[in-house]
Structure formats: C-alpha cells, structure tokens
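Computation of the quantities below employed the complete heavy-atom set of this structure, encompassing side-chain atoms and omitting hydrogens, waters and symmetry-equivalent molecules. Ligands are counted one by one from 1 in listed order, and the atoms in each one are counted from 1 as well. Everything quoted here is computed from the prediction, not taken from an experiment.
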Amino acid sequence: MTELTWIVDSATGELTVEGLSTEEAPSITDDLLPAGREVNCARPLLSPPLPRATDATGPVLRVSRIYHASVVDGPGRRSVAQVQGCPIRCRGCALPYTHDPAAGTSLSVPDVVTALLDPAGEPRDGVTVLGGEPFFQPVALLALLPELKSRRIHTVVYTGHTLEVLARRPEPEVREALELTDLLIDGPFVSSLADGAGEWRGSRNQRFIPNPGKLGPVSK
Ligand code: SF4
C-alpha cells in the first residue's frame, strides 16, 4: 500500500500530499479540493537563480541550489541551501547531481545568507542545510551557521554520516557546527528502509537529533 504524507503549509494553508502522482491525486482529493499541481518531492520544482558570485575573502560554500517554501526538509516552511559534493554515495540516492564536488556554484557565505534570507520575504520557520553532504564542507558550514543563529533562525542540518561518526572527526569545525545546529537529521539513505520513513527523512534509519552539539561524548 502506498504511504501518503499530508502536509499543511502553515504560511499559506496549501496542502501537499507526498506519495501520489498527479494522475492519482484526483481519485483522492477531487471531491474535497481544487485541482492540484505537481511539485518535486514536495519541494519547489523551480529554484530561483543563484546570486552572482562576488569576490570573497572568507569561506566559500559550493552550492547546488537554494530554494524556499519547502515543507519536507524539517519542521514548518523552510528556506534550503542544498550544498554540492557528497562522497557517501548511498545506493538509490535521489540526488546524484549533488555528488560531484566540482559541480555547482561557489558562493561566499554572505551571498548564501542573502539568498536564503531573500529580502523579498519568504515566510519561513527556519533554514535547512542539506546535500550533498554539508559536513563535506565543514569550514563553510561553520561560517554559515553563526550567521543564521545570530538572526535567531532555527537551523536543520542533514548529514549522510551518523552523529557518532561526526563526533570522531578531528576538525574542530565539525563539533562547532553541531553546536549551532538545532536539529540534525543523520544517517545514510537506505533504500530498503524507505517505506514508512514519514516526514523529513528518506529512510527509517535516519534519526532526528535535537541540539546534537549538546550531547556528551557519543559512544562508538
Ligand atoms: S548522503 Fe545524501 S546526498 Fe549523499 S549519497 Fe547519501 S542520500 Fe545522496
């Protein structure tokens, strides 16, 4: 049986149903709702163009795309930085275009912040950083997260590593980035565990870990 996830956007009242094709949707929603439109795995099909890269002396983040109004990448409605580069290569990954670390666009962290916090105003409950693999670029991730937290923005970070693996990484930026993360969604995508994953995650092995930097030493 197909699993359906129903998500109501608190900003617009729009209903997103995950798990239905556009052809199937009317059989369930036609009696109650106006005609639907297809979105991309509940993410916007089209992303706004990335800003032009500016000269930067600080850390640079390699980005695949930046988009707004996602209701599937953490709690509420979120602006999302999808970073470029992932060495994990989970079998069945839905985002192979994010794997190549040389693809995407290099942007200064201030440019990324500006694009995420679009001055035109997208209602948002927070910002999500996902991949690719955000901890593949720990220096830039650590430069980005303080910019968000200083604006009191709720942060979600996805990683294909487990928190236990991240806790063993030697770079201080990894630990500091975890301390600035409000919610970590960890673990690789495992296609055999995809059914029943529910909201926000791709497979059931992935965990929701609030305040991951506040945990003590993580057991191996
Ligand atoms: S960690 Fe994420 S982006 Fe990387 S291969 Fe796995 S599912 Fe794909």
Side-chain angles (χ1 to χ4, degrees), residues 3 5 7 18-19 39-47 50 60-68 70-75 78-107 112 115-116 126-142 144-145 148 155-171 173-175 177-178 180-210 212-213 218 220:
E3 175 188 289
T5 303
I7 305 162
E18 276 190 296
V39 292
N40 173 29
C41 193
R43 299 179 174 95
L45 274 174
L46 298 175
S47 305
L50 288 169
V60 164
L61 186 67
R62 191 165 275 273
V63 173
S64 175
R65 66 177 185 142
I66 291 173
Y67 55 94
H68 302 282
S70 171
V71 292
V72 295
D73 297 317
R78 309 189 70 85
S79 296
V80 178
Q82 183 173 53
V83 304
Q84 185 70 34
C86 180
I88 300 175
R89 309 291 163 96
C90 309
R91 183 175 297 183
C93 170
L95 309 167
Y97 58 90
T98 66
H99 293 178
D100 181 358
T105 302
S106 290
L107 294 174
V112 173
L116 282 169
V127 165
T128 294
V129 186
L130 49 71
E133 171 50 49
F135 287 92
F136 184 63
Q137 303 183 65
V139 173
L141 179 64
L142 181 59
L144 173 63
L145 291 173
L148 301 174
T155 55
V156 171
V157 179
Y158 282 72
T159 177
H161 300 293
T162 61
L163 177 58
E164 289 82 351
V165 167
L166 291 178
R168 294 198 296 271
R169 289 264 294 265
E171 310 99 303
E173 293 86 358
V174 171
R175 168 57 70 182
L178 289 171
L180 294 164
T181 299
D182 292 313
L183 177 65
L184 185 77
I185 301 178
D186 83 336
F189 172 69
V190 178
S191 58
S192 61
L193 299 177
D195 287 347
E199 282 188 292
W200 308 349
R201 61 181 182 173
S203 53
R204 297 195 305 279
N205 60 299
Q206 295 168 328
R207 302 175 297 181
F208 304 117
I209 305 175
V218 179
K220 295 183 180 178

Practice item. For residues 180-193, pull every pair meeting salt bridge (charged side-chain N to carboxylate O under 4.0 Å, His left out), keeping only residues two or more places apart or in separate chains. Key: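 Sorted pair list: K149-D182, D186-R207.
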Check your understanding: Can you tell me if Q84 uses its side chain to pair, donor with acceptor, with the backbone of G132 under 3.5 Å?
Key ->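 Here the side-chain-to-backbone pair does not exist.
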Exercise for review: For Y158 and T128, indicate whether the former's side chain and the latter's backbone hold a donor-acceptor pair under 3.5 Å.
Suggested key: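 The answer is no, because no donor-acceptor pair under 3.5 Å joins these two groups.
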Check your understanding: Which heavy atom of L142 sits nearest a heavy atom of A177, and at what distance?
Key -> CD1-N, 3.7 Å
Practice item. Give the minimum heavy-atom separation between R175 and G213, together with the two atoms involved. Key: NH1-O, 3.5 Å
Practice item. List nothing but the number: protein N/O/S atoms under 2.8 Å from atom 4 (Fe) of ligand 1. Key: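 My tally for this metal is 1.
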Point to revise | Of I209, L144, L145, L130, the residue whose pairing with V157 passes side-chain contact (heavy atoms from CB on, under 4.5 Å) | key: L145
